[in-house]
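Please read the structure below before turning to the comments.
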Amino acid sequence: MFFKKNISKLTDEELLQQYTDSGKTEYFGELYNRYIPLLYGLCLKYLSDEARAQDAVMQLFEELLSKVSNYQIKVFKTWLYRVAKNHCLQILRKDNKEIPLDYMINIMESDEFLHLLSEEDHSEEQLNALKHCLEKLPEPQRISITQFFMEEMSYADIAEQAGLTLNHVKSYIQNGKRNLKICIKNQIQ
């Protein structure tokens, strides 16, 4: 009981390090349990079946228990989200089911840009540069970037709300990402 109370106070990174160092499943179990509701929601979104979503969450735990030590993980939550999403997509591919368009479009976005938006890993200078550069973007790019990455809207939702085509939205996001990267790089140098 004392052990459980102590590990529940550890951060994600500390739990991951303890698991990697000791191999004790209690550490990874505690870490994984923190994200089960999020994982279940993600799996349910992709698989559209409660039982299959529950199975996917359990399968992920079993797979990751033996493999997680092989990865260099900076932000566990972000890494776990990507792994879970890919796991669900593999299940859909095995079933030869079509993957909904909105999901495929979201997958094509680069994780490199999402890293820019993660406040956990950045200095105040980087965050200020991001805010400054977002303000400098042309309005359609700024709105599309904000809605897609920060409000987690799909291309289809953004297009519908703005009265645009999917190609216009995709173009605004791609160009906005490129312009943000250039601007942030110039601001930080």
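Keep in mind that the numbers below use all heavy atoms, side chains included, and drop hydrogens, waters and symmetry copies.
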To check you understand the geometry: which heavy-atom pair defines the closest contact between H132 and C183, and what is its length?
CD2-SG, 4.5 Å
For A53 and Y40, which heavy atoms make the closest approach, and how far apart are they?
CB-CE1, 3.7 Å
In terms of hydrophobic clusters joined by side-chain contacts under 4.5 Å, are Y81 and M58 together?
no
Residue pairs passing the ring-ring contact (aromatic ring centres under 6.0 Å, His included) test where at least one lies in residues 163-184, sequence neighbours excluded
none
In this structure, would I173 and I182 fall into the same cluster of hydrophobic residues linked by side-chain contacts under 4.5 Å?
no
Which value, rounded to the nearest 0.5 Å, describes the distance between L92 atom CG and S48 atom OG?
8.0 Å
Output, in order, the C-alpha distance, side-chain angles, deciding distance and verdict of side-chain contact (heavy atoms from CB on, under 4.5 Å) for S8 and E30.
CA-CA 7 Å; S8 66; E30 174 70 25; 3.6 Å; yes
Please name all residues satisfying side-chain hydrogen bond (donor to acceptor under 3.5 Å, both in side chains) with Q90, sequence neighbours left out, ordered by chain then number.
none
Spatial distance of atom OG1 (T25) from atom CG (L65) [nearest 0.5 Å]
6.0 Å
Distance-minimising heavy-atom pair for C88 and L47
O-CD2, 3.9 Å
Should we say atom CD of Q59 is surrounded by more than 12 heavy atoms from elsewhere, each under 6.0 Å from it?
yes
Tell me yes or no: between the side chains of Q18 and E26, is some donor less than 3.5 Å from an acceptor?
no
Indicate yes or no: does K77 engage D12 in a salt bridge with an N to O separation below 4.0 Å.
no
Hey, does Q161 have a side-chain heavy atom less than 4.5 Å from the side chain of Q147?
yes
When the ring planes of F76 and F28 are compared, do they come out parallel, tilted or perpendicular, using 30° and 60° as the limits?
perpendicular
Donor-acceptor list for residues 134-146 side chains, cut-off 3.5 Å, not counting sequence neighbours:
unit_1: Q141; atom_1: OE1; unit_2: N179; atom_2: ND2; d: 2.9
unit_1: S144; atom_1: OG; unit_2: P140; atom_2: O; d: 2.9
unit_1: T146; atom_1: OG1; unit_2: R142; atom_2: O; d: 2.7

With sequence neighbours left out, the residues meeting side-chain hydrogen bond (donor to acceptor under 3.5 Å, both in side chains) with Q17 are D21
What distance separates W79 CH2 from L16 CG, expressed to the nearest 0.5 Å?
8.0 Å
What distance do K181 atom NZ and K185 atom NZ have between them, rounded to the nearest 0.5 Å?
11.0 Å
Just one of L15, V57, V68 clears the side-chain contact (heavy atoms from CB on, under 4.5 Å) bar with Y32, so which one?
V57
Student check: side-chain heavy atoms of I158 and L164 closer than 4.5 Å
no
Got L80 and L38 here, is their nearest side-chain heavy-atom distance under 4.5 Å?
no
Quick one: CG on D55 to CG on L60, what's the gap to the nearest 0.5 Å?
11.0 Å
Taking only residues two or more places apart in sequence or in another chain, which ones pass side chain to side chain contact (heavy atoms under 4.5 Å, CB included) with S66?
none
Side-chain contact, heavy-atom cut-off 4.5 Å: Y71 with T20?
no
Atom CG of L42 and atom CG of L39: how far apart are they, to the nearest 0.5 Å?
7.0 Å
Could you pull out all residues at least two apart from E14 that satisfy side chain to side chain contact (heavy atoms under 4.5 Å, CB included)?
L10, T11
